[in-house]
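What follows is one structure encoded as structure tokens, with my remarks underneath.
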Amino acid sequence: MINSETKLYCLIGNPVSKSLSPEIHNLSFRLNYINARYLVFNVDNDKLKEAINGIKALKIEGFNVTIPFKESIIDYLDELDDNAKMIGAVNCVKSIDGKLIGYNTDSLAFIHTLEENFENFPELKVAVIGAGGAGRAISFSLAKKNVKELLIINRNIDKAKSLSEDINKYYPDIKILYRNLYDSEKIINQYDLVVNCTSVGMYPELDKCPINPILFTENTFVYDIIYKPEVTNLLYKSEKEGLKTKNGLDMLLLQALYSEVIWMNQEYEILGKKEIFKKGFYKNK
Ligand code: ATR
């Protein structure tokens, strides 16, 4: 029941119309008997400041941030935790005594899913496509896992270069290369894992693909952090090539649950039970 004690949590981004976050959080609140609701707000690209002022004025206690605000939000926050500061991107914010503190639960979630799928990180060569907020979180996570080599691919090569320099400041021993999309095609067959962190292929641009998987080796694991559609064009083409694939649903679920752990200040029993949440998410979508 919604009453005067009901707390509001939300997502700000653009576009957000196909987000699964309300379903995840509202189900989680119900399962945990928390008197709270989660809504999404589509914020115009030039209205981030106004949106944050509104959140502060209404004393909303926590919110998530998605495309295209994961980096630009930092200018409007009072503090960052160490992980978000290192990454330079925020997807989770908590209000503490009126101060907005930024966190990065994308990276916590990504590491969790990596550990479920890989073991020998010092032998793993990884190509990350995208150097925006999500690309930053994932590239730093891979550096933290001490992978053998990191290739950062981005349309805008300057962003790939500055991300690789930022990572090397914290992890000087990691070998990092950076390329634009075109130049990466010649060397992409050297990588064991390819992670798409761009929005290319995301609903509604279903027929787009950031790179042709025909260029990968037969053992490449293809991880697309997009979860809508369930099978992106990249994953469809990769599966046709017989490659192992993974979409972004597990990462979405885990970043959401880690966000709740931060907002509520407590570990949930459901953190290890993400399978409950996966059931039915793609029905009627
Ligand atoms: P997020 O927070 O989800 O990472 P973002 O910071 O807006 O979102 O980053 C989007 C990423 O998708 C960037 O790497 C962007 O490349 P640029 O830095 O060159 O802009 C990439 N991207 C978006 N549209 C693209 C397209 N049509 N082709 C190639 N890359 C694209």
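Order of listing sets the numbers, starting from 1, for every ligand and every atom in it. Because only heavy atoms are used, hydrogens play no part in the values below, and waters and symmetry mates are left out as well, while side chains stay in. Along the sequence shown, residues are numbered consecutively beginning with 1.
Between the side chain of Ser139 and the backbone N or O of Arg136 there is no donor-acceptor pair closer than 3.5 Å.
Contact atoms of ligand 1 toward Val200: 25 (C), 26 (C), 27 (N), 28 (N), 29 (C), 30 (N), 31 (C) (distance under 4.0 Å to a heavy atom of the residue). Listed by atom number, the atoms of ligand 1 under 4.0 Å from Gly130 heavy atoms are 14 (O). Proximity to Asn156 (heavy-atom distance under 4.0 Å) selects the following atoms of ligand 1: 18 (O), 19 (O).
Distances from atom 29 (C) of ligand 1 to the protein include at least one heavy-atom value under 4.0 Å.
The parts of Thr198 lying near ligand 1 are both backbone and side chain, judged by heavy-atom distances below 4.0 Å. By the criterion of a heavy-atom distance under 4.0 Å, the side chain of Asn154, and not its backbone, is placed next to ligand 1. Contacts of Glu71 with ligand 1, taken as heavy-atom pairs under 4.0 Å, involve the side chain alone.
Ligand 1 has a nitrogen or oxygen under 3.5 angstrom from a nitrogen or oxygen of Ala131. Close N/O approach between Gly133 and ligand 1 is found [any backbone or side-chain N/O within under 3.5 Å]. Considering backbone and side-chain atoms alike, Ala134 places an N or O below 3.5 Å from some N or O of ligand 1.
Geometric assessment of Lys244 against the ring of Phe221 yields a negative cation-pi assignment under the 6.0 Å and 45° thresholds.
Of the protein's non-hydrogen atoms, Ser199 OG, 3.4 Å is the one closest to atom 23 (C) of ligand 1. Here the heavy atom of the protein found nearest to atom 8 (O) of ligand 1 is Ile67 CG1, 3.3 Å. Looking only at protein heavy atoms, the nearest one to atom 9 (O) of ligand 1 is Gly132 CA, 3.5 Å. Protein heavy atom nearest atom 25 (C) of ligand 1, with residue, atom name and distance: Arg155 NH1, 3.3 Å. Nearest protein heavy-atom neighbour of atom 2 (O) of ligand 1: Lys70 CD, 3.2 Å.
Taking the side chain as every heavy atom from C-beta outward, Leu108 and Tyr103 never approach each other to under 4.5 Å.
For the ring-ring contact (aromatic ring centres under 6.0 Å, His included) with Tyr9, the lone residue among Tyr38, Phe63, Phe29 that qualifies is Phe29. Between Val65 and the choices Ile74, Val93, Ile52, Leu77, the side chain to side chain contact (heavy atoms under 4.5 Å, CB included) rule is met once, by Val93.
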Run the side-chain hydrogen bond (donor to acceptor under 3.5 Å, both in side chains) test on Asn91 and Gln255 for me, step by step, so that the C-alpha distance in whole Å, both residues' side-chain angles and the decisive distance to 0.1 Å come before the verdict. CA-CA 9 Å; Asn91 72 304; Gln255 68 75 30; 3.1 Å; yes

Full working for side-chain hydrogen bond (donor to acceptor under 3.5 Å, both in side chains) between Thr232 and Asp224
CA-CA 8 Å; Thr232 58; Asp224 195 333; 2.8 Å; yes

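Heavy atoms from other residues, nucleotides or ligands lying under 6.0 Å from NZ of Lys161 number 12 at most.
Between the side chains of Thr217 and Asn219, no donor-acceptor pair is found at a separation under 3.5 Å. Side-chain polar atoms of Thr105 and Ser259 form a donor-acceptor pair below 3.5 angstrom.
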